[in-house]
K.L.:
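One structure, pasted below without further comment.
Below, chains carry the letters A, B, ... as their sequence lines are ordered, and counting in each starts from 1. Keep in mind the model is a prediction, meaning the values are calculated, not measured.
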Number of protein chains: 2
Amino acid sequence: MAKAYERIADNLRQRISAGELSPGDRLPAETTLVEEYAKSLPTIRQALGVLQAEGLIEKLHGRGNFVRRPRTPVLRTNLRHQWEKDRARDPASERAQTGATEHDTGLELGDLVFHAAYHEVAAEPEIAKALGVPVGTALVERIYRTRYRVEPAPFTLVRSYLVRDMVAANPDLLDESKEPYPGGTQSQLFTIGIELDRIEELVTARPPTVEEAEELATPAGSAVIVLRKTSYDTDDRPVEHSEVILPGDRTEMLYTTHLDRW
Amino acid sequence: MAKAYERIADNLRQRISAGELSPGDRLPAETTLVEEYAKSLPTIRQALGVLQAEGLIEKLHGRGNFVRRPRTPVLRTNLRHQWEKDRARDPASERAQTGATEHDTGLELGDLVFHAAYHEVAAEPEIAKALGVPVGTALVERIYRTRYRVEPAPFTLVRSYLVRDMVAANPDLLDESKEPYPGGTQSQLFTIGIELDRIEELVTARPPTVEEAEELATPAGSAVIVLRKTSYDTDDRPVEHSEVILPGDRTEMLYTTHLDRW
DNA sequence: GAGTGGTCTAGACCACTGT
DNA sequence: CAGTGGTCTAGACCACTCC
């Protein structure tokens, strides 16, 4: 005999995909489901927990269980890097029009709210390795949050690292009040004579930590994309490394790989 | 007052990160934890459920709760596409040495077990759109499973689509017994005169469905990467589309973007 | 067979949301 | 205040693993 909570979850899943329950709809109250399925409340709740873990429903305390709406995703293209490079040498006044994220998402500058904070930190092993410096090297850590003006939660958490002694030639790069958004890191690096040759992005996915779930307002039962980006200059030297956390249900990343002709 | 199950989860999390409990270790039995924390069994189990959802512990029925070992990831590089293209015109005897996955992972051909199944299907809306054909167009659906010989579960689930009338010029492409692994789709397309220009990969992440969790032997409390790949030929025509499911805890994807010089 | 986690019950009380 | 989900208890019985 199949487990009761699985049968209930299957049945509800079917009712959802059959359209009997549409995105945004409220499910019957848990006490109602207790009667419908003639099972105890904890069993019903276990079934609902399965659907929540699959990202199919959302539990709202005091209101009910709701069929989740598919999120409108934020698109992030690897074309953004070339686009940003093309503009890196433009005067700040031109760059002020739009940033790479607006370029990706097709939004206006005012639609997004951006926040930056700079700190000086000692290199952790993982970051030291990515930047090719000894553990403990002084780094500039820059923490970014970007969100839609109309939404409370950011859609990216970014921690970006530069080697302090490498970028100290331009004191503005150590000062968060001089953060040049929009326009980005490539124009900052240009001010100290660095041109980028390529960008490597290492992509993984995992469930969010409690802190990430909180900051991104991610419903329990979803995943985050972890993107570790390293930028190399024309001398093949890593000059910037960042770790980007993106909510899996709101993010699409598009990578285009061009192939040499025969 | 903080919730009991959160306090217990926090405490256990701390004991793990402090090294008191190392990866692979068994946690105290649930009944033991009941005494240690002076809470009921369901409360203890709820706390353990939190840690499981974070991917921190693994529950093994009849054996115990274990601190999860970090997985050794499978690396997948976008360089594989160029590498595959370079070999697409080689004779089958040469291609038989290694495939793109072995190239990425540094393995020998014998280390991997590969399985393919072909069907003819009508195009679903999403796939029709990606291939630029009307919904319902006859397609060749090819389902692939790849796993390590020593592991029971595959590390990729692939559904790949070709337009039947486009590839029918070579009947071998409709016949799963002629599946040319290793060597891949690009050499198959070469036999019907198609050269690829670029590959677009759209990456998202989400919790696994029950079927995916089962097939990939993914522990509950993890994420899958969904990769939708579309290959375009030199006439800018989409010629192949596939949907790849990768376990987030075992997969790293590396994308390199080269930038034009100033 | 001893020890472990998995499923399920019946019911109490708390916390949040909306009217 | 009524209705909803969230937390927690105490205990029974089942299923799996390993000796």
K.L.:
Among residues at least two apart in sequence or on other chains, which ones pass salt bridge (Lys or Arg N to Asp or Glu O under 4.0 Å) with B:Glu214?
P.N.:
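None.
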K.L.:
Could you state the CG-P distance from B:Leu51 to C:dG5, rounded to the nearest angstrom?
P.N.:
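So the CG-P distance, B:Leu51 to C:dG5, works out to 14 Å.
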K.L.:
Whole angstrom is fine here: how far is it from CG in B:Leu27 over to P in C:dT4?
P.N.:
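The answer, rounded to whole Å, is 13 Å.
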K.L.:
Round to the nearest Å and state the distance from A:Glu35 atom CD to D:dG3 atom P.
P.N.:
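My rounded result for the distance is 13 Å.
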K.L.:
Mind calculating the distance between CD (B:Glu30) and P (C:dT7) to the nearest angstrom?
P.N.:
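Distance, rounded to whole Å: 11 Å.
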K.L.:
Tell me: CD1 of A:Ile8 to C1' of C:dC8, nearest whole Å?
P.N.:
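About 11 Å, once rounded to whole Å.
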K.L.:
Would you please name every residue forming a side chain to side chain contact (heavy atoms under 4.5 Å, CB included) with A:Ser242, sequence neighbours left out?
P.N.:
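By the side chain to side chain contact (heavy atoms under 4.5 Å, CB included) rule, A:Ser242 matches A:Val158, A:Ser160, A:Lys229, A:Glu240, A:Val244.
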K.L.:
Expressed in angstrom and rounded to an integer, what is the separation of B:Asp25 atom CG from C:dT4 atom C1'?
P.N.:
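That distance rounds to 17 Å.
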K.L.:
How many whole angstroms separate atom NZ of A:Lys59 from atom P of D:dT4?
P.N.:
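Computing the A:Lys59:NZ to D:dT4:P distance gives 13 Å.
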K.L.:
So, does B:Thr209 use its side chain to make a donor-acceptor pair with the main chain of B:Glu212 at under 3.5 Å?
P.N.:
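Indeed, once roles are kept as given, a pair shorter than 3.5 Å links the two residues.
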K.L.:
Measuring to OP1 and OP2 of D:dC8, would you say a side-chain N or O of B:Tyr5 lies under 4.0 angstrom away?
P.N.:
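Looking at the OP1 and OP2 atoms of D:dC8, neither is under 4.0 Å from any side-chain N or O of B:Tyr5.
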K.L.:
Applying salt bridge (Lys or Arg N to Asp or Glu O under 4.0 Å), name anything that partners A:Glu176, two or more places apart in sequence or on another chain.
P.N.:
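With neighbours one apart ignored, the set is empty.
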K.L.:
Among all residues two or more places apart in sequence or in another chain, which pass the salt bridge (Lys or Arg N to Asp or Glu O under 4.0 Å) test with B:Glu200?
P.N.:
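Checked B:Glu200 against salt bridge (Lys or Arg N to Asp or Glu O under 4.0 Å); matches are B:Arg198.
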K.L.:
Let me have a per-nucleotide readout for nucleotides 9-19 of chain C, 5' to 3', with B, S or -, counting only protein heavy atoms under 4.0 Å.
P.N.:
BB----BBSS-
K.L.:
Looking only at side-chain N and O atoms, does B:Arg45 come under 4.0 Å of OP1 or OP2 in D:dC8?
P.N.:
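Indeed not, no polar side-chain atom of B:Arg45 lies that close.
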K.L.:
Could you check whether B:Arg142 and B:Thr185, counting side-chain N and O atoms only, form a donor-acceptor pair closer than 3.5 Å?
P.N.:
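Side chains of B:Thr185 and B:Arg142: pair found under 3.5 Å.
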K.L.:
Sequence neighbours left out, what passes salt bridge (Lys or Arg N to Asp or Glu O under 4.0 Å) with A:Glu36? Give chain and number order.
P.N.:
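A:Glu36 satisfies salt bridge (Lys or Arg N to Asp or Glu O under 4.0 Å) with A:Arg15 once adjacent residues are dropped.
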K.L.:
In whole angstrom, give the distance that lies between atom CZ of B:Phe66 and atom C1' of C:dG5.
P.N.:
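Roughly 11 Å, once rounded to whole Å.
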K.L.:
Just N and O in the side chain of B:Asn65: are any of them under 4.0 Å from OP1 or OP2 of C:dG5?
P.N.:
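Answer is yes, contact under 4.0 Å.
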